[in-house]
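Structure, as structure tokens:
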Number of protein chains: 2
Amino acid sequence: MIDRWDVTALALLAQAPLFSGQDTAVLHAAIPLAQPRSYERGTFIFHEGDPATIFYILQTGRVRLTQLTAEGQQVIIRYLSPGEGLGIIVALSDTTYPVTAETVADTQLLGWYKEDIKQLMLQYPSLALSGLNLIARRFVGLQAQFRELATERVEQRVARTLLRLVRQAGRRTDTGVLIDMPLSRQDLAEMTGTTLYTVSRILSKWEQAGLIQTSREQVIICQSHEIVVIAEDLPKRDA
Amino acid sequence: MIDRWDVTALALLAQAPLFSGQDTAVLHAAIPLAQPRSYERGTFIFHEGDPATIFYILQTGRVRLTQLTAEGQQVIIRYLSPGEGLGIIVALSDTTYPVTAETVADTQLLGWYKEDIKQLMLQYPSLALSGLNLIARRFVGLQAQFRELATERVEQRVARTLLRLVRQAGRRTDTGVLIDMPLSRQDLAEMTGTTLYTVSRILSKWEQAGLIQTSREQVIICQSHEIVVIAEDLPKRDA
DNA sequence: CGCGTTCTTGACTAGAATCAATGCATGTGG
DNA sequence: CCACATGCATTGATTCTAGTCAAGAACGCG
């Protein structure tokens, strides 16, 4: 029996990378097991170290993944956009969540208990392969970020991070591309492994040069090609 | 028909994380498809950017995974020990190898064409789950390394890296624990995102303090607890 | 024994962290 | 509506970590 909620959920699931390309039988098996959840902006879905029991797919909203160091310093691992999976990494292993997940906008999720998702994957191996594929992609992405952090200077990293965020949450405005989420200097610092002071200086410099526009927790990229030049450390053409 | 080679391979496979805990049926299905390979020390198994066609499991020896930056700077992602998988990340996706794999000791591998391993996983879903689990673990490890790189100072990172290497390739000697592989200052620098000069200075300091012994491409940890103190940035107890 | 690598050390520099003071919004409550 | 508290951002002064460059020493190999 398929009710209206199911139809909506089905359409959304079919979009999510994990389920896209899967047989509809998989979707129909998955939907009855799904737990819909809603969180307001600024609430925690789970904390680093909590036993991992549920795997989520983000329907709407935006989620930030962070880790804490032993000294209490925070690092932002990444932001998630609708369709992306959350906790897929550990839903299959018997460990704890390695990151903290916090909403930065009102957010709706679909959750599955790890036993259920495991069962689904055993029943539909193609779903397991899809999951493998998904993590593989994320893994490669994380490796790239690692390499950047190891070899590039702060300014390059900030530029690259802005470009990544544009791809993820960019929205065209009349003056440029707005990164459509609250984004403080501190956030950028935690993403690039630096301090909020350094980020502030860099952004000020870029704003002076007309590359970006900033205001409180907000960045608009005006000359993205110039930001690319900085990110890639290309020789800048003179006037 | 099981010949002697098969028996040996079976025993080895049963040890490898990907196959451990799997039904023997899986092993028996996997073995006939395996391509045994041997490489001398210092040869390349594949290069970053090559189309990913084969997935390997390391039987003996040691392999180094590296990435190159656009500027030609090299970063060492990690070293692999026997039993670990190589290219598992991409064997399932239709991409290219994201890293270069180079042997640092004479090495024997078992390889599977990605179509074969995919087929196996579809046939034995538990194998896919095992693979998922494996990548998940690596992923969490990489996240931790990322966080270290983002927040810790060079000295801490070098300490941590040495401890990791000890766990992976440590061999007790009369003066301490030897990291049993060729390991230049340059290598350590590429692992920690610094320069060989800085590494050299740090190791010299530690050697003076009696924490380690070094020689060309070799490190012996004598006082591992003191290295831990540095890695964890604990307050050092005075005399 | 000479050659190429690897390693060490010193001098210098630059990039970025730290500390401190202040400005600027935004939202709150009297 | 204004005074105030709070959180975010800017900027300058200073310090220091680590990178860069250069010269030479030590080691291992053919």
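The chains referred to below are lettered A, B, ... by the order of the sequence lines, with proteins before strands, and numbering in each begins at 1. Just so you know, these numbers use all the heavy atoms, side chains as well, and skip hydrogens, waters and symmetry mates.
- Among the protein residues, L196(B) comes within range of the nucleic acid bases, having at least one heavy atom under 4.0 Å from a base atom.
- No side-chain heavy atom of R147(A) sits less than 4.5 Å from a side-chain heavy atom of E152(A).
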Reading nucleotides 12-21 of chain D from 5' to 3' and marking B where a protein heavy atom lies under 4.0 Å of the base, S where only the sugar-phosphate is that close, and - otherwise, the string is BB---SSSBB
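- Between the CD atom of Q156(A) and the P atom of dA16(C) there is a distance of 9 Å, given to the nearest Å.
- For the pair Q213(A) CD and dT10(D) C1', the interatomic distance rounds to 18 Å; values are reported in whole Å.
- The backbone N or O of Y113(B) lies less than 3.5 Å from no partner atom in the side chain of Q35(B), so there is not a single donor-acceptor pair.
- In terms of phosphate contacts, S184(B) brings no side-chain nitrogen or oxygen within less than 4.0 Å of OP1 or OP2 of dT6(C).
- Counting non-hydrogen atoms under 4.0 angstrom, S204(A) reaches the backbone sugars and phosphates but no base.
- For the pair D106(A) (side chain) and R41(A) (backbone), a donor-acceptor distance under 3.5 Å is present.
- Of the possible polar contacts, one joining the E84(B) side chain to the S81(B) backbone as a donor-acceptor pair under 3.5 Å is found.
- In summary, R64(A) and E190(A) do not engage in a salt bridge, as defined by a charged side-chain N under 4.0 Å from a carboxylate O.
- As a whole-Å value, the separation of L183(B) CG from dC7(C) C1' is 13 Å.
- Distance CD (Q218(A)) to C1' (dT26(C)): 14 Å, rounded to an integer number of Å.
- Between dT8(C), dT6(C), dA9(D), one nucleotide has an atom nearer to the side chain of R216(B) than all others, and that is dT6(C).
- Here the P atom of nucleotide dC29(D) and the CD atom of E217(B) are 10 Å apart, to the nearest Å.
- Atoms CG (D187(B)) and P (dT5(C)) sit 15 Å apart, rounded to a whole Å.
- Under the side-chain hydrogen bond (donor to acceptor under 3.5 Å, both in side chains) criterion, S184(B) pairs with D187(B), sequence neighbours left out.
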